[in-house]
Amino acid sequence: MDDRTSTQALSESVLANKDLLPSKQTWNWYNIFAFWMSDVHSAGGYIFAGTLFSLGLAGWQVFVS
């Protein structure tokens with residue numbers, strides 16, 4: 001099934017409307033940077049980094065990982 005057929009079937013579905021259908025997005029450097037920052041600077045990211053420090057890794061090793 002190609003994308004056009006699946007998109008057409010989805011757009012005709014009872015469970016979809018124009019607000020819920022996926023749209024074509026263009027990402028520039030800021031969007032990618034902001035997405036990365038929101039992923040890295042989270043509770044999980046800090047816990048992961050703290051765990052690596054507690055295991056004895058040096059700062060540069062934690063940064064690389």
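Nothing here was measured: the structure is a model prediction, and the numbers come from that model. Numbers here simply count residues along the sequence, with the first being 1.
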Main chain of A34, side chain of N31: is a donor-acceptor contact present, judged purely on distance under 3.5 Å?
no
Residue pairs fulfilling side-chain hydrogen bond (donor to acceptor under 3.5 Å, both in side chains) with at least one residue in residues 52-65, sequence neighbours excluded
none
Report the hydrophobic cluster partners of V62, with the cluster defined as I, L, V, M, F, W, Y residues connected by side-chain heavy atoms closer than 4.5 angstrom, directly or transitively.
F48, L52, F53, L55, L57
State which residues pass side-chain hydrogen bond (donor to acceptor under 3.5 Å, both in side chains) with W27; sequence neighbours excluded, sorted by chain then number.
Q25
Hey, quick one: are V40 and F33 part of the same hydrophobic cluster, counting side-chain heavy atoms closer than 4.5 Å, chains of contacts allowed?
yes
Check the angle between the aromatic planes of W36 and H41 and answer parallel, tilted or perpendicular using the 30° and 60° thresholds.
perpendicular
F35, I32: one ILVMFWY side-chain cluster at the under-4.5 Å cut-off?
yes
